[in-house]
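For reference, the structure discussed in these notes is given below.
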Amino acid sequence: MKSIRAQAALTALAIAASGVLVAGTAEAATSLQELVPQPAQLQPRSDSFTLSADAKIQLATEDARKPAELLAGILRRSTGFPLPITTGVTGDGVVLLNGADPKTGQEGYQLDVTPNQVIIRANTTAGHFNGIQTLRQLLPPKAEAKTKQPAPWTVPGASILDYPRYHHRGAMLDVSRHFFTPDQVKRYIDQIAAFKINYFHLHLSDDQGWRLEIKSWPDLTKIGGSTEVGGRKGSLFYTQDQYKDLVAYAANRGITVIPEFDMPGHTNAAQASYGELNCDGKKRPLYTGTDVGFSSLCISKEITYKFIDDVVREVSAITPGQYFHIGGDEALSTPDADYVKFMNRVLPIVKKYGKTTTGWHEFIKTTKDTALVPQFWGTTTSDANVAAAAQRGNKILMSPANRLYLDMKYNKNTKLGLDWAGYVEVEDAYNWNPGAYLSGVTEASVRGVEAPLWTETIRTNADIEQMAFPRLPVAAELGWAPASVHGWDRFAPRLGAQAPRWKVQGVNYYASSQVPWKK
């Protein structure tokens, strides 16, 4: 077995080889090897900072208040310290400043650990959110506990200059096939925020359930929101007030919510609620299975577009974010000509209410609007319509199902999940390059990555966690860390170092044999 000192030296060499700045001792490098995503630049220092009972979180910019409140809320529980948030820099503690290096852009930050202070500089609120997530990982895992833990609270000395590879780093949760309560969704939001995920895509309608109150069409939730896969019955939906609370909760963690209402297929819950959405005028029976592709709104009826206008109008009014997801996938019961006709009516509706359309990549064949965002979910490395869109100037969101679908089984023995896109072990999820994956789609054409979690087999938070962790942090690494540091042998130990933190948090992660898990 290698000595601790020899292992530290090897770690330092690995970090140096990755292109990250290294200085100081090998031991210092070892103490900083656990960050996920890996920073763009990291320089260890020989000193350290210890958080004390009289420390303050000090603001020199109001842009940092929400990030400061988030940090204080986490650390007050575990440390038992009061950690007041103050204006002005007057002593020891965590200091949040503006005026970061221009290299950090709109989402990056600088973090400097000195003997008396941890100083985070950023140019925006988003940058401060990302900086505090790094600070959380630099603290001992027990900092994540919900009850008071014993000191010390030491942070290793470091200077970090960091910014993301891609702007969009997303996670999606399907609450239509199985419904999750607001508290359950908030738990997942907290978990993804820790890895600098900045978009949360909520799949709010499908064949099995309509999950958001639409006041002008109340039967959508009264009927369409009454059941789920497997047949469980109840009021399985969010009121608009509950949705607004979820949106605000995410925003207070630096995350923008993207609502999705799938159309023209995946619409049986709506068609079961209102007969007029069907060409024959008759309501469809509620559906609790998992097959896809059998449903379609009636393309020829004007009431269809009145319905969509009302949904987009009401949801846009309570969604501050820029994007509205229209689905558009697996419309197998909609003839191609009708699909084009439908999108030609729907895309202007979204624009009318001040939102930018995103959708599963099939929809992009119907438009040449370069502002729209196709989300690629295929299992091949070529798609002519997506490549053409990229060459026109559209930014592509990458979610290949055989890499980033969190509901795919890890292997043949995985109890949860599906396998139609193949088995996706942790290394499979990591070993691809979003900027060089699809023919005709270059690095410059990629908006970012998103890890969807469909819930045909997912019923509890423990189920979510078993499928999302550790693959969600893999997606975060691909979306944030520089391409130059990409390498499984370097990444796997950093991923494995998350285990003690997840154990403190009670995360039901999958302990893949591919990962060297830290005890």
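Just so it is clear, the structure is predicted and the values come from calculations on it, not from any experiment.
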Indicate yes or no for a side-chain donor-acceptor contact from [X] to the backbone of [Y] under 3.5 Å, with no hydrogens or angles considered.
{"X": "Thr288", "Y": "Val229", "result": "no"}
{"X": "Arg501", "Y": "Arg136", "result": "yes"}
{"X": "Gln137", "Y": "Val36", "result": "yes"}
{"X": "Lys142", "Y": "Pro150", "result": "yes"}
{"X": "Thr125", "Y": "Asp63", "result": "yes"}
{"X": "Glu144", "Y": "Trp502", "result": "no"}
{"X": "Asp219", "Y": "Lys222", "result": "no"}

Assess the side chains of [X] and [Y]: does a donor N or O sit below 3.5 Å from an acceptor N or O?
{"X": "Gln208", "Y": "Thr227", "result": "no"}
{"X": "Glu213", "Y": "Gln240", "result": "no"}
{"X": "Ser295", "Y": "Asp207", "result": "yes"}
{"X": "Tyr243", "Y": "Thr319", "result": "yes"}
{"X": "Glu314", "Y": "Ser216", "result": "yes"}
{"X": "Thr455", "Y": "Asp174", "result": "yes"}
{"X": "Tyr109", "Y": "Asp162", "result": "yes"}
{"X": "Trp377", "Y": "Glu450", "result": "no"}
{"X": "Ser333", "Y": "Ser296", "result": "no"}

Kindly assign one of parallel, tilted or perpendicular to the pair [X] and [Y], based on the angle between their ring planes and the thresholds 30° and 60°.
{"X": "Trp360", "Y": "Trp454", "answer": "tilted"}
{"X": "Trp217", "Y": "Phe307", "answer": "perpendicular"}
{"X": "His168", "Y": "Tyr199", "answer": "parallel"}

Does a side-chain N-to-carboxylate-O contact under 4.0 Å join [X] and [Y]?
{"X": "Arg403", "Y": "Asp428", "answer": "no"}
{"X": "Arg165", "Y": "Glu443", "answer": "yes"}
{"X": "Arg187", "Y": "Glu465", "answer": "yes"}
{"X": "Asp419", "Y": "Lys412", "answer": "no"}

>> Run Arg494 and Glu477 through salt bridge (Lys or Arg N to Asp or Glu O under 4.0 Å) and show every step you take.
In response: CA-CA 10 Å; Arg494 289 191 290 112; Glu477 175 84 3; 2.6 Å; yes
Of the non-hydrogen atoms in [X] and [Y], which two are nearest, and what is the gap between them?
{"X": "Leu202", "Y": "Val175", "result": "CD2-CG1, 4.0 Å"}
{"X": "Pro482", "Y": "Pro39", "result": "CD-O, 4.2 Å"}
{"X": "Ser205", "Y": "Ser176", "result": "N-OG, 3.0 Å"}

>> Using the rule given for side-chain hydrogen bond (donor to acceptor under 3.5 Å, both in side chains), can you reason through Tyr323 versus Glu260, listing the C-alpha separation, both sets of side-chain angles and the distance that settles it, and then say yes or no?
In response: CA-CA 9 Å; Tyr323 295 95; Glu260 179 190 352; over 6 Å; no
Tell me whether [X] forms a cation-pi arrangement with [Y], defined as NZ or CZ under 6.0 Å from the six-membered ring centre and within 45 degrees of its axis.
{"X": "Arg471", "Y": "Tyr410", "result": "yes"}
{"X": "Lys365", "Y": "Tyr339", "result": "yes"}
{"X": "Lys186", "Y": "Tyr249", "result": "yes"}

Within-4.5 Å side-chain heavy-atom neighbours: [X] and [Y]:
{"X": "Thr457", "Y": "Asp463", "result": "no"}
{"X": "Asp329", "Y": "His266", "result": "yes"}
{"X": "His167", "Y": "Asn198", "result": "yes"}
{"X": "Asn394", "Y": "Pro374", "result": "yes"}
{"X": "Phe261", "Y": "Ile308", "result": "no"}
{"X": "Leu236", "Y": "Ser226", "result": "no"}
{"X": "Tyr405", "Y": "Leu453", "result": "no"}

>> Tyr188 vs Phe180, test: ring pair (Phe, Tyr, Trp, His ring centres under 6.0 Å). Steps then yes/no.
In response: CA-CA 10 Å; Tyr188 193 46; Phe180 294 86; 8.9 Å; no
>> I'd like to know whether Lys233 forms a salt bridge (Lys or Arg N to Asp or Glu O under 4.0 Å) with Glu228, so could you lay out the CA-CA distance, the side-chain angles of the two residues, the decisive distance to 0.1 Å, and finally the verdict.
In response: CA-CA 7 Å; Lys233 296 181 179 180; Glu228 64 180 12; over 6 Å; no
>> Between Arg313 and Asp310, is the salt bridge (Lys or Arg N to Asp or Glu O under 4.0 Å) condition met? List the steps.
In response: CA-CA 5 Å; Arg313 172 180 54 81; Asp310 286 339; 3.1 Å; yes
>> Evaluate Thr147 against Gln149 for side-chain hydrogen bond (donor to acceptor under 3.5 Å, both in side chains), listing each step before the verdict.
In response: CA-CA 6 Å; Thr147 57; Gln149 304 295 307; 3.2 Å; yes
> Where do Phe363 and Phe342 land on the ring pair (Phe, Tyr, Trp, His ring centres under 6.0 Å) test, with the steps shown first?
Replying inline: CA-CA 10 Å; Phe363 92 93; Phe342 177 84; over 10 Å; no
> In chain order, what residues pass the side-chain contact (heavy atoms from CB on, under 4.5 Å) check against Lys283, with sequence neighbours excluded?
Replying inline: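 side-chain contact (heavy atoms from CB on, under 4.5 Å) check on Lys283 returns Ile223.
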> Given Phe179 and Trp210, is the ring pair (Phe, Tyr, Trp, His ring centres under 6.0 Å) satisfied, shown in steps?
Replying inline: CA-CA 10 Å; Phe179 178 70; Trp210 186 282; over 10 Å; no
>> Going by ring-ring contact (aromatic ring centres under 6.0 Å, His included), name the residues that satisfy it together with Trp432, two or more places apart in sequence or in a different chain.
In response: Tyr437
>> Apply side-chain hydrogen bond (donor to acceptor under 3.5 Å, both in side chains) to residues Gln375 and His325 and explain how you reach the verdict.
In response: CA-CA 10 Å; Gln375 182 171 358; His325 201 296; 3.0 Å; yes
